[in-house]
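Down below is the structure, laid out as structure tokens.
Excluded from the calculations below are hydrogen atoms, water molecules and symmetry mates; all remaining heavy atoms, backbone and side chain alike, are included. In this text the structure is predicted, and so the values were computed from the model without any measurement. Chain A is the first sequence line, chain B the second, and so forth, proteins listed ahead of strands; every chain is numbered from 1.
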Amino acid sequence: AQKVTQAQTEISVVEKEDVTLDCVYETRDTTYYLFWYKQPPSGELVFLIRRNSFDEQNEISGRYSWNFQKSTSSFNFTITASQVVDSAVYFCALSTGANSKLTFGKGITLSVRP
Amino acid sequence: EPEVTQTPSHQVTQMGQEVILRCVPISNHLYFYWYRQILGQKVEFLVSFYNNEISEKSEIFDDQFSVERPDGSNFTLKIRSTKLEDSAMYFCASSDTFWGTIYFGEGSWLTVV
């Protein structure tokens, strides 16, 4: 069975602070994909990143960066110099070799105050 | 940029009524999904659909639920006899390959009263 744990439930920061959202996953499969999605107050799910289990390179996209560590089964997401528009719920998700469905974590509510 | 579109954005229905939620996946995508999110909770998988048949379904997806791809563009979720606990946001999603990125629509809020 697969599982995604997002231990942080709510984080509040002041604009321009850096913030890291944690994600820990469990799977017995050797081939899997990890995702992050953003859910702004309007409700849609916005794709942010997909990473496969064979690619442990960290990735940076503008103010966003992701740290994938297989040794600790973690796929953490850092927002640098946070902005009010980053306020949203962020979900980490996992899909594994047996099927393509996503298993989501419970999400982290990020509030960025001006 | 291609996107998944869903209608209606919000529907209120009486308990026991049938509801059909509609989705137009991204045009070259072959894998289709429905997910559900009860207010304030995590997103849950309902069903996946490929090659005109269900490839996997969750425990939530009981006999009250059905999916259909009636033509080359639409993908629908039908709930035959809605219950109060069916109130949720329903997301349609699609991907081009088995391992492809899954893109979500904006969701359909279903309120059962």
Side-chain angles (χ1 to χ4, degrees), chain A residues 1-10 21 23-27 29-55 59 61 66 75 88-109 111, chain B residues 1-10 23 25-26 29-51 53-61 67 88-111:
Chain A
Q2 54 223 43
K3 186 178 176 183
V4 175
T5 301
Q6 296 182 262
Q8 304 151 309
T9 52
E10 293 186 23
L21 311 180
C23 173
V24 173
Y25 62 92
E26 293 176 34
T27 179
D29 289 303
T30 55
T31 301
Y32 52 88
Y33 282 81
L34 294 161
F35 299 76
W36 277 94
Y37 289 88
K38 174 182 179 180
Q39 187 174 42
S42 49
E44 71 270 27
L45 284 168
V46 178
F47 165 75
L48 295 177
I49 190 170
R50 177 179 73 125
R51 176 53 50 86
N52 77 56
S53 52
F54 300 107
D55 181 5
E59 180 153 343
S61 175
W66 290 269
F75 186 46
V89 181
Y90 290 86
F91 290 97
C92 182
L94 167 71
S95 67
T96 65
N99 52 63
S100 58
K101 72 175 186 184
L102 292 171
T103 298
F104 282 81
K106 291 185 177 180
I108 302 169
T109 300
S111 299
Chain B
E1 184 178 318
E3 58 183 21
V4 177
T5 57
Q6 290 186 240
T7 53
S9 55
H10 190 195
C23 169
I26 295 172
H29 284 191
L30 301 175
Y31 294 81
F32 313 117
Y33 309 87
W34 284 100
Y35 287 78
R36 180 181 84 173
Q37 185 182 29
I38 294 171
L39 187 63
Q41 297 187 23
K42 68 177 179 180
V43 181
E44 301 174 291
F45 168 77
L46 290 179
V47 66
S48 57
F49 191 87
Y50 169 73
N51 201 25
E53 60 183 25
I54 291 173
S55 42
E56 186 175 357
K57 59 184 180 180
S58 71
E59 292 175 354
I60 303 167
F61 195 88
V67 289
M89 175 79 101
Y90 288 81
F91 289 103
C92 177
S94 69
S95 64
D96 57 350
T97 64
F98 185 83
W99 285 114
T101 296
I102 298 177
Y103 293 95
F104 286 82
E106 293 192 347
S108 294
W109 266 115
L110 176 64
T111 302

* **Heavy-atom pair with the smallest gap, counting every atom of A/Leu45 and B/Phe104** => CD1-CD2, 3.7 Å
* Over all heavy atoms of both residues, which pair between A/Phe35 and B/Gly100 is shortest? Give the atoms and the distance, please. => CZ-O, 4.4 Å
* Identify which part of B/Thr101 has an atom lying under 4.5 Å from any heavy atom of chain A, answering side chain, backbone, both or neither. => both
* Measuring heavy-atom distances to chain A, does B/Gln37 have an atom under 4.5 Å in its side chain, in its backbone, in both, or in neither? -> side chain
* To do: Please state whether the side chain, the backbone, both or neither of A/Gln39 comes within less than 4.5 Å of a heavy atom of chain B.
  => side chain
* Top of A/Gln6, A/Lys101, A/Lys106 for chain B proximity - count of heavy-atom pairs under 4.5 angstrom -> A/Lys101
* When A/Ser42, A/Gly107, A/Gly43 are compared by non-hydrogen pairs under 4.5 Å with chain B, the top option -> A/Gly43
* Could you tell me whether the side chain of B/Ile102 reaches within less than 4.5 Å of the side chain of A/Tyr33, counting heavy atoms only? => no
* Is there side-chain contact between B/Trp99 and A/Asn52, with at least one heavy-atom pair below 4.5 Å? -> no
* Asked: Around A/Lys38, counting heavy atoms of other residues, nucleotides and ligands shown, do more than 12 lie under 6.0 Å from its NZ?
  -> yes
* Within a radius of less than 6.0 Å around CD of B/Glu106, do more than 12 heavy atoms belonging to other residues, nucleotides or ligands occur? -> no
* Spell out, as yes or no, whether a donor-acceptor pair under 3.5 Å connects the side chain of B/Tyr35 to the backbone of A/Leu102. => yes
